[in-house]
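This one's a predicted model, so the numbers in the text were calculated from it and none came from an experiment. When a ligand or atom number is given, it counts from 1 through the structure's own listing order. For the single chain, residues carry numbers from 1 onward in sequence order.
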Amino acid sequence: MTQPLNVLFLSSEVFPFAKTGGLADVASSLPQALKEIGNDVRLAIPRYGFVNERKFRIHEIIRLKDIDIPIGKKNAKLNVKSSFLIGERTKVQIYFIDSSDFFGRAGIYQDPKTKKDYADNDERFIFYSRGIFEILKRLGWAPHIIHCNDWQTGLVPAYLKKIYASDPFFKNIRTVFTIHNVAYQGNFPKEMFAKTGLPADVFTQEGAEFFDKFSFMKSGLVYSDYITTVSQTYAKEISESEEYGCGMDGVLRKRKKFFTGIVNGIDYTIWNPDTDQYIPFKYSVKTLDAKVENKKYLLKRFNKKFDPQIPLIGMVSRLVEQKGMDLVIDAFPEIMKMNVQVILLGTGEKQYHTKLEALAKKYPEKFILELAYDDELSHLIEGASDIFLMPSKFEPCGLNQLYSLKYGTIPVVRRTGGLADTVKEVNPQKGAGTGFFFDEYKAEEMIKALSKALAFFGDQKNWQKIMRNAMAEDFSWTNSARQYAELYTKILDK
Ligand code: ADP
Ligand code: GLC
């Protein structure tokens, strides 16, 4: 048994308040799971302009008004608001770090119109990171652990070690830094370092200097007490290869003893075909036949022909290189020669929007394209598709293949990161396995894996067996939340 702890969980995204990808889902479901096993977990996230205060019952904490946060020579004013993240089994208190100047905007990291990163992202996340310490003191709540996630929170371990730990109030706090994606590092021109107020030794090779830039991610890696990432294979990939590690591999090797992979879980109260509010026909392992009704419904909604013999391939993805978009676009003419229909929901880089739009025009009968962010449709695609395609170039964990397993939507994936750790290769002889793999990052290889899946789909009896295998997998948080709790205890005992 682990002892109950006070844990402050930091993330720039938390579902349902703000989300661009899987980080938001993890930052919502992991704190709830940690709370369920007895910890006092609280969240702190920026209060973005688009968050609906009335809907989420967010209110001000008057005594935490107008706190001064130094940013270089300037002072910025911080207010704190509060609400609860309400889950089916528990609720978690959430603090909103508020500044209309820094966060009162329509986007999280970038302007949704121009798709350009905000020019002051350095100041925005300095403000957030320092703000954490200022509010903790005023709240009189000292966590045992501050759990930081991704580069936006990378300065927190440095602030603790270099500034705040000299105050007895903060002295015993330990930090965990979780890498959800090492490709996003928050590297800024070195001139901005002065704005952090951190001592000069932080901007050195042993500290957060990274190829002459100041790196928020590296700060998190160097100054945290422990580093984790979201699957074991990704932990290996990013510490052994410069390409996967995006240059942070050396730092990770140095901290090898304090670095481990813990695979993500998912929230089955939100992602479950038996209860999903967004799919019209609920189903479970016992009522598998109902799944096809969702496919009929989806195809009708998009005015496409329905034929139960034709497999529907689904994709829900950020449209970026990571997700294998180049492979998909290269392979598309070949895929369209197959007896399939494809639905793709995503938003992201403009080049992919343009290329995909051209393909949608060329193949109007077989290809449904939704260039949007649509939570409801993402559920329906999981519920309606036969196959889920996720040909990622790299994938720290990946949640969509986990959702797919639960929905009996068979994943076809590249063998990398969390995809390699969570999908089991189909073995036709034994009727075992949950999905199909390819190894080399090449369009031909992806097509081979898809063809294998399609051939298998033709044999419905066996296909249903694979569906049952997939749906029986358990990726609930129970196991991984315990691993985090054990880790917290371990670093506190040191
Ligand atoms: P990543 O975090 O790298 O984007 P994950 O597989 O971990 O990948 O998580 C992606 C999450 O974002 C899933 O919950 C997925 O359903 C959601 N998502 C991605 N794109 C969209 C979209 N266009 N509309 C709705 N949800 C999306
Ligand atoms: C990142 C990764 C994704 C992972 C998610 C949650 O966005 O790209 O693979 O599932 O974080 O950890």
Exercise. Under the salt bridge (charged side-chain N to carboxylate O under 4.0 Å, His left out) rule, what pairs show up with a residue in residues 362-381, not counting sequence neighbours?
Worked result: none
Problem set entry | F188-F216 aromatic ring centre distance below 6.0 Å | yes
For this session: Take T20 and E13 through the test side-chain hydrogen bond (donor to acceptor under 3.5 Å, both in side chains) and record every step on the way to the result.
Result: CA-CA 7 Å; T20 70; E13 308 182 14; 2.6 Å; yes
Exercise. Who are the residue neighbours of ligand 2 when the rule is a heavy atom under 4.0 Å from any of its atoms?
Worked result: G22, L23, V26, H180, N181, V230, N264, R318, Q322, E395, P396, C397, G398, L399
For this session: Find the distance between CD (E293) and CZ (F306) and round it off to the nearest 0.5 Å.
Result: 7.0 Å
Exercise. Does a side-chain N-to-carboxylate-O contact under 4.0 Å join R105 and D120?
Worked result: yes
Extract all N/O-N/O pairs under 3.5 Å that connect ligand 1 to the protein, and present each with both atom names and the distance rounded to 0.1 Å.
{"unit_1": "ligand 1", "atom_1": "2 (O)", "unit_2": "G22", "atom_2": "N", "d": "2.6"}
{"unit_1": "ligand 1", "atom_1": "3 (O)", "unit_2": "R318", "atom_2": "NH2", "d": "2.8"}
{"unit_1": "ligand 1", "atom_1": "3 (O)", "unit_2": "K323", "atom_2": "NZ", "d": "2.8"}
{"unit_1": "ligand 1", "atom_1": "4 (O)", "unit_2": "R318", "atom_2": "NE", "d": "2.7"}
{"unit_1": "ligand 1", "atom_1": "6 (O)", "unit_2": "L399", "atom_2": "N", "d": "2.8"}
{"unit_1": "ligand 1", "atom_1": "6 (O)", "unit_2": "N400", "atom_2": "N", "d": "3.3"}
{"unit_1": "ligand 1", "atom_1": "7 (O)", "unit_2": "L399", "atom_2": "N", "d": "3.2"}
{"unit_1": "ligand 1", "atom_1": "8 (O)", "unit_2": "K323", "atom_2": "NZ", "d": "2.9"}
{"unit_1": "ligand 1", "atom_1": "9 (O)", "unit_2": "G22", "atom_2": "N", "d": "3.2"}
{"unit_1": "ligand 1", "atom_1": "14 (O)", "unit_2": "K19", "atom_2": "NZ", "d": "2.8"}
{"unit_1": "ligand 1", "atom_1": "14 (O)", "unit_2": "D25", "atom_2": "OD2", "d": "3.0"}
{"unit_1": "ligand 1", "atom_1": "23 (N)", "unit_2": "A372", "atom_2": "O", "d": "2.8"}
{"unit_1": "ligand 1", "atom_1": "24 (N)", "unit_2": "D374", "atom_2": "N", "d": "2.9"}

For this session: For a salt bridge (charged side-chain N to carboxylate O under 4.0 Å, His left out) with R415, tell me which candidate from E425, E237, E395 qualifies.
Result: E425
For this session: Determine the sole option in F437, Y234, Y244, Y441 for which the side chain to side chain contact (heavy atoms under 4.5 Å, CB included) test with T416 is passed.
Result: Y244
Seminar exercise, completed: The complete set of salt bridge (charged side-chain N to carboxylate O under 4.0 Å, His left out) pairs with one or both residues in residues 245-261, sequence neighbours excluded, reads D249-R253
Exercise. Does the distance from a Lys or Arg side-chain N to an Asp or Glu carboxylate O, for K282 and D276, drop under 4.0 Å?
Worked result: no
